[in-house]
Visitor: 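Before I ask anything, here is the structure I am working with.
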2 protein chains.
Amino acid sequence: MEGEPTLRLRIFDLNCWAIRYLSKRRQERVRLIGDRLCQEGFDLVLLQEVWSEQDYSHLKVKLAGCYPFSHYFRSGVIGSGLCVFSRFPILDTLLYQYSLNGYPYMLQHGDWFCGKSVGLGVSLGITAPFLSLSLQLHAEYCRDKDAYLPHRLVQAWELAQFIRHTSKAADVVLLGGDLNMHPEDVGIRLLRGWTGLRDAFAEATRFEGCKNGCTLVPDNCFTDKSELLPFPLGIRIDYILYKAISSFTVKCEELKTTTGSARGTDIPFSDHEAVMATLHIQRQGQPASATLGTADLALADVVTEARTEVGVGLRAARRQRYSSGRMAVLALLLLLLQAAAALGTLAGLGAEQPFPKLSFCLLAFLALGVLVLATGLHLFHTMEVKMLHGTEDQMWMALRALQERP
Amino acid sequence: MEGEPTLRLRIFDLNCWAIRYLSKRRQERVRLIGDRLCQEGFDLVLLQEVWSEQDYSHLKVKLAGCYPFSHYFRSGVIGSGLCVFSRFPILDTLLYQYSLNGYPYMLQHGDWFCGKSVGLGVSLGITAPFLSLSLQLHAEYCRDKDAYLPHRLVQAWELAQFIRHTSKAADVVLLGGDLNMHPEDVGIRLLRGWTGLRDAFAEATRFEGCKNGCTLVPDNCFTDKSELLPFPLGIRIDYILYKAISSFTVKCEELKTTTGSARGTDIPFSDHEAVMATLHIQRQGQPASATLGTADLALADVVTEARTEVGVGLRAARRQRYSSGRMAVLALLLLLLQAAAALGTLAGLGAEQPFPKLSFCLLAFLALGVLVLATGLHLFHTMEVKMLHGTEDQMWMALRALQERP
């Protein structure tokens, strides 16, 4: 099978930080991104945090010439923020929404409202049909005391399972996105170990861009400098990952990142740096050997570590479920007591004393509010417990399968 | 490849109607189901509506001898109710939760709280690895004025897409579940057309059981007779569907349903009848011809019909989103007016008139309640619009692909 056609695939990945009314100089930046994409002519563009469908429509019109195929993934209250532009036809899409994604009452973090998901597009390249995934995982707001770690691990696990189950008939899998995890974090190790995906930064023959491939750097005028204090060089949380499944090989020829300002302007594209990879896809005579199975022991360790963290999250969720349930019961009791008192007064008991209508009303109001809130929280944490427990179970099944492998 | 091993696979599918505190004679029925499963020794058992994990645990202990492998799928507030028992090892599982599943405020219907999903188990039979899916779609509460039709169509579409994307490397796909749709409904036609799944009832060489394969029959003492008035023979809403993907053929030798009471007792297993199929799986020399592509025109009609219904749902959801948003704005305005009045009173304006504290409090209470509720509804319907819109888009993409097919 020598002389088989090869494909040089150029991929662009960026977290666009395009939140309406909140992101600085949004429209200007979206215009700049569109300009650059037109000039460079990539093959595949994976964007995240395009929260406004209007921005997507503008980009779609602008890019229609060089990227005739595109898809916007809708989910959640605000949207998934994910979209894909492609030079190759997008044959099919599928959206998988993570079962856990933060807490609705953490309004300042807002992850819950986004309906974070992974969007999958099946495209047909010249050589091979490939799956491309665009995604974003739950943000890390505090590295030292990371309350969202179990949620992010559930997402990483679900993502890995989703990739394993959907990629079996694909020739090449490409994943680009803001994983919100450092390269050595357990979630990344879990995702890479369980799917066999390879990190374009680590595999690239040539690299050009921010030191260590960082994508959140202090040089970018939009980044929050206080967040990056412990990391003077910046952090790497945006990735392009890939793997070949059947009789193909994929090599990363070159990886680039932007370095602060966009070419010829004074502002960067986003608070994240863009990641651009050039991949070299070629058909091989014999099927590529499976990446899985070579390091089962190390993989079992990673799964065990992740399962421990999920267990920690499960216990916390159970405590919260219990305390919100208790709060709801107490509020209900208070309301019942009040109802009894009101009925007693109506029946003429204690008529010699004046009935404190105003404070009675205020108290009832408070009790009802607490009841509604606590019930909502109880339902939410019940769901959380179910999903964490389910993931713990699945990880256990995976560990058993790893251990039983000959 | 003559003389290849064949596999006779016996499948049992039942909607168990095991809702704690609500379902009649639940424990007795779960015991009966366990007894029957032990006696008959099926290969694969797909159960729905096992809402209590305790019931699952009892069954698991009881069936450990004949069905050494099992899995319970957790999701939503109450759970998914899905579980699988198998004589073959379950290698991997995946749960896909539908993005739309009724309304949280329709408490009497309760579908929203169940986290309805499709559970996927990968098993390794003697001849072939197969995917088995256990699932339940949104219930139909009123056939004439079916407000949930768009949601059920979104679920049918997501299910079909999920099957298409996950089954590519499987040899055989088996699906058993309560689809809550009559055989000729658009959702069933969509699911079958888009995936190529075949209906065991229609294909069976031998059939034994309720007339027309009905699974909700008036003879069953637990069914709601008023619901079945327009259908004196009953309705068929529980299905076993299957297809062979690679070089295998699957034939349905026999299909049976229970007919009211369980053998030797006075009560049925559930308000639904169980469906039992015997499939004959054999390897073939050449790959089985794809079921898709043979009737693209008919399929395009079905997708168009489904898309129209989803569009109707989308317009309704948009109206509800608008009216709940307007209600929230009005409530907010009322609260602001009240705040202004209260401030005015505090500042000494209108001091000559008595301030009606109680009615003021009650009105504020009402306005706040309406604000919270209307905001919640607005968020929910925003999500609904996103998902319906996304599905409409995906169906359009599918139609385009069908039309462009040579």
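A, B, ... follow the sequence lines: proteins, then strands. Residue 1 opens every chain.
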Visitor: Identify which of H389(A), M397(A), E53(A), Q394(A) forms the greatest number of heavy-atom pairs closer than 4.5 Å to chain B.
Guide: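 Looking at each option in turn, the highest pair count goes to H389(A).
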Visitor: Give, for atom NZ of K386(B) and atom CZ of F73(A), the distance between the pair rounded to the nearest 0.5 Å.
Guide: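 Going from the NZ atom of K386(B) to the CZ atom of F73(A) covers 14.5 Å.
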Visitor: Could I get the full list of ring pair (Phe, Tyr, Trp, His ring centres under 6.0 Å) partners for F69(B), not counting sequence neighbours?
Guide: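 Partners of F69(B) by the ring pair (Phe, Tyr, Trp, His ring centres under 6.0 Å) criterion come out as none, since no residue qualifies.
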Visitor: Got a second to check how far H165(B)'s NE2 is from F162(A)'s CZ, nearest 0.5 Å?
Guide: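 One finds 7.5 Å between NE2 of H165(B) and CZ of F162(A).
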